[in-house]
Amino acid sequence: MFNKRTRIKEILLSDNVNYQTTVMGWVRTFRNTQFIALNDGSTNNNLQVVVALGSLDESTLKRITTGACIKATGEIIASLGKGQKVELTANEIEILGDSDAEKFPLQPKKHSLEFLREIAHLRFRTNTFGAIFRVRHSLAFAIHEFFNKKGFVYLHTPVITASDAEGAGEMFKVTTLPLDGTAPKNEDGSINFKEDFFGRSTNLTVSGQLEGELAAMAFSDIYTFGPTFRAENSNTTRHLAEFWMIEPEMAFSDLEDNMNLAEDFIKYIIKYAMENNKEDLEFLTQRLDEEEKQKPQNERSEMNLMQKLEFVVNNSFERITYTEAIDILKDCSHNKKKKFQYIVDKWGIDLQSEHERYLVEKHFKKPVILTNYPKEIKAFYMRQNDDGKTVAAMDILAPGIGEIVGGSQREERLEKLTQRMNEMHIPTEELDWYLDTRRFGACPHAGFGLGFERIVQFVTGMGNIRDVIPFPRYPKSASF
Ligand code: 4AD
Ligand code: MG
């Protein structure tokens, strides 16, 4: 058996000393041909491995370089130096994988996030990305724990589908037809998808919601957690072409139940990370503090990362209607002084992220749930309100990010739903299976989608969504 080792986190957390053990990891630095800072990814903290003088031959010593992978065996002792409680005095060191120090792109110095994005295959080995991806892991775990405790069934919805769940037409096509112009055609010149792999035109899913609704009409409560794909040409710090989404769907629920669940859910997973990733979040708080110091005083945030998380967990989200939001925005001095790129002048406009961020960051200074949007700017499946103008939608807006959740109560009345689909030119024949839920035992139900990377951004304080997913996909980029 090879894997007989102790994780560095375990060694550093324990007060035990004077025992023999083996560690394996990657060399961060090697000082004075004696002190190795070793990291195995279990924690951001390195274990100091001390090479006993004279214990290694010259050629092995030379191979202990930044980036090299080593195995060290020796005794854990109370540290003689400052900066760590314990250290390992190694009497045996084996080089598992060499690393040419001249060529290794990660030098023991500060690298920019942009540079690290170009070497995303190596950036896991930095403190910043170590912390981010351990936090991402914890949030994913907490999501499953939250829903499992509440009795929700985890549903795997398809990645390849023939439907456009959001009706927004931002889909990546999936096909095995040749792209060289020889694909079979219909008489009118269009591609004959009957000849394609699935015998029809298919795409990557933009949301698992419609399938989720089908299952909620049997299990009561379900959630999905999987990758979703959007071919929107958005080069922003909050959009990815491939992102992960969590979509709960609950039978016997209205808009208020939906908001309550979403708020509890977000608080639960943040709290989980705060309790289980304390060191990583402290590190990320410091990182953000330093980043903030580069900004002019008036642009700096009043709270540090830890305080922001604390604040969100301990305060209720503000709940207001779209109509109230428009009134606030129309009357605010920011709008009157024409400081928005898009002026807010009338009811019915889609809110831009500058408007969302104003509400959250300047006006309420806390997460906001906006409800009852105009039906014209929302998807076909949202429940129509009695006013004939709005739908039972909700978006949750978070400080620094904007929209993190989009959801609604669903239109469970068959007639109203088909009428809205017709108005919006959504083909009812293709979604007949979806309409069956309204034909056979429909009930009030609701659900939402949380953008996983957006909540990871919020919790880690990272400004760019491309830094919270291991290998980001965005326009003109699909490396690794
Ligand atoms: O608001 P959206 O489009 O809602 C839906 O897809 C619904 N079917 C959800 C539901 O009710 N079950 O997307 C939901 C969330 C957004 O609030 C945002 O956080 C995230 O998904 N999101 C993206 N995240 C990263 N990159 C993108 N391109 C995103 N588009 C949406
Ligand atoms: Mg949305």
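None of these values were measured; they are calculated from a predicted model. Heavy atoms only: backbone and side chains are in, while hydrogens, waters and symmetry mates are out. Whatever order the structure lists them in is the order used to number ligands and atoms, beginning at 1. In this chain, numbering begins with 1 at the start of the sequence shown.
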Open item on the list: Just to check, does Phe229 reach to within less than 4.0 Å of ligand 1 when the distance is taken from its heavy atoms?
Closed with: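 The answer is no: ligand 1 sits nowhere under 4.0 Å from a heavy atom of Phe229.
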Task: ligand 1 contact by Gly407, heavy-atom criterion under 4.0 angstrom - done: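 The answer is yes: ligand 1 sits under 4.0 Å from a heavy atom of Gly407.
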Task: Flag side-chain contact, heavy atom, 4.5 Å: Ile326 against Ile349 - done: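 Answer yes - side chains close enough.
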Open item on the list: Any heavy-atom pair between the side chains of Ser42 and Ile8 that's under 4.5 Å?
Closed with: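 A side-chain contact under 4.5 Å exists here.
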Using distance alone, determine whether [X] and ligand 1 share an N or O pair under 3.5 Å.
X      : value
Ile404 : yes
Arg410 : yes
Phe243 : no
Met245 : no

Rounded at 0.5 Å granularity, tell me how far [atom1] in [X] sits from [atom2] in [Y].
X      : Y      : atom1 : atom2 : result
Lys173 : Phe193 : NZ    : CZ    : 5.0 Å
Ile343 : His334 : CD1   : NE2   : 9.0 Å
Tyr268 : Glu145 : OH    : CD    : 3.5 Å
Ser201 : Lys194 : OG    : NZ    : 12.0 Å

Which residue supplies the protein heavy atom nearest to [atom], what is that atom called, and how far is it?
atom                    : result
atom 26 (N) of ligand 1 : Leu240 N, 2.9 Å
atom 15 (C) of ligand 1 : Gly449 O, 3.6 Å
atom 20 (C) of ligand 1 : Gly451 CA, 3.6 Å
atom 4 (O) of ligand 1  : Glu166 OE1, 3.9 Å

TODO: Check the angle between the aromatic planes of His355 and Tyr342 and answer parallel, tilted or perpendicular using the 30° and 60° thresholds.
DONE: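 It falls in the perpendicular class, over 60°.
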Open item on the list: Please verify the inter-ring angle class for Phe225 with Phe452; under 30° counts as parallel, over 60° as perpendicular, anything in between as tilted.
Closed with: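 Perpendicular.
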- [ ] Verify the distance test for Asp395 against the Mg ion (ligand 2): any N/O/S atom under 2.8 Å, yes or no.
- [x]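 No, since none of the N, O or S atoms of Asp395 sits under 2.8 Å from the Mg ion (ligand 2).
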Task: Aromatic centroids of Tyr223 and Phe147 separated by under 6.0 Å - done: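 Yes, the ring centres sit under 6.0 Å apart.
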Open item on the list: Treating Asn192 as the side-chain partner and Asn186 as the backbone partner, does any N or O pair qualify as donor plus acceptor under 3.5 Å?
Closed with: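 The answer is no, because no donor-acceptor pair under 3.5 Å joins these two groups.
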Open item on the list: Check Asp264 with Lys271, please: is the shortest side-chain N to carboxylate O separation under 4.0 Å?
Closed with: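 Salt bridge absent between Lys271 and Asp264.
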Counting from 1, what ligand 1 atoms have a heavy atom of [X] closer than 4.0 Å?
X      : result
Glu247 : 7 (C), 8 (N), 9 (C), 10 (C), 12 (N)
Val405 : 17 (O)
Gly406 : 1 (O), 9 (C), 10 (C), 11 (O), 17 (O)
Arg238 : 25 (C), 26 (N)
Ser207 : 6 (O), 8 (N)
Tyr381 : 7 (C), 8 (N)

Task: Atom of Glu403 closest to the Mg ion (ligand 2), considering N, O or S atoms - done: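 Nearest N/O/S atom: OE2.
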Task: From the candidates Arg454, Glu232, Arg230, Glu242, the one that places a heavy atom nearest atom 28 (N) of ligand 1 - done: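 Ranked by closest heavy atom to atom 28 (N) of ligand 1, first place is Glu232.
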TODO: From atom 16 (C) of ligand 1, work out which of His239, Arg473, Gln457, Glu403 has a heavy atom at the shortest distance.
DONE: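 Closest candidate by heavy-atom distance is Glu403.
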Open item on the list: Here's a test for you: under side chain to side chain donor-acceptor pair (under 3.5 Å), which of Asp350, Asn372, Asp395 qualifies with Lys378?
Closed with: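 Only one option passes, and that is Asp395.
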Open item on the list: Is the contact between Trp244 and ligand 1 made by the side chain, the backbone, both, or neither, using heavy atoms and a 4.0 Å cut-off?
Closed with: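 For Trp244, there is no contact with ligand 1 at all, from either part.
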TODO: Using the six-membered ring of Tyr358, assess whether NZ or CZ of Lys339 lies under 6.0 Å from its centre and within 45 degrees of the ring axis.
DONE: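 No, Lys339 does not lie over the aromatic ring of Tyr358.
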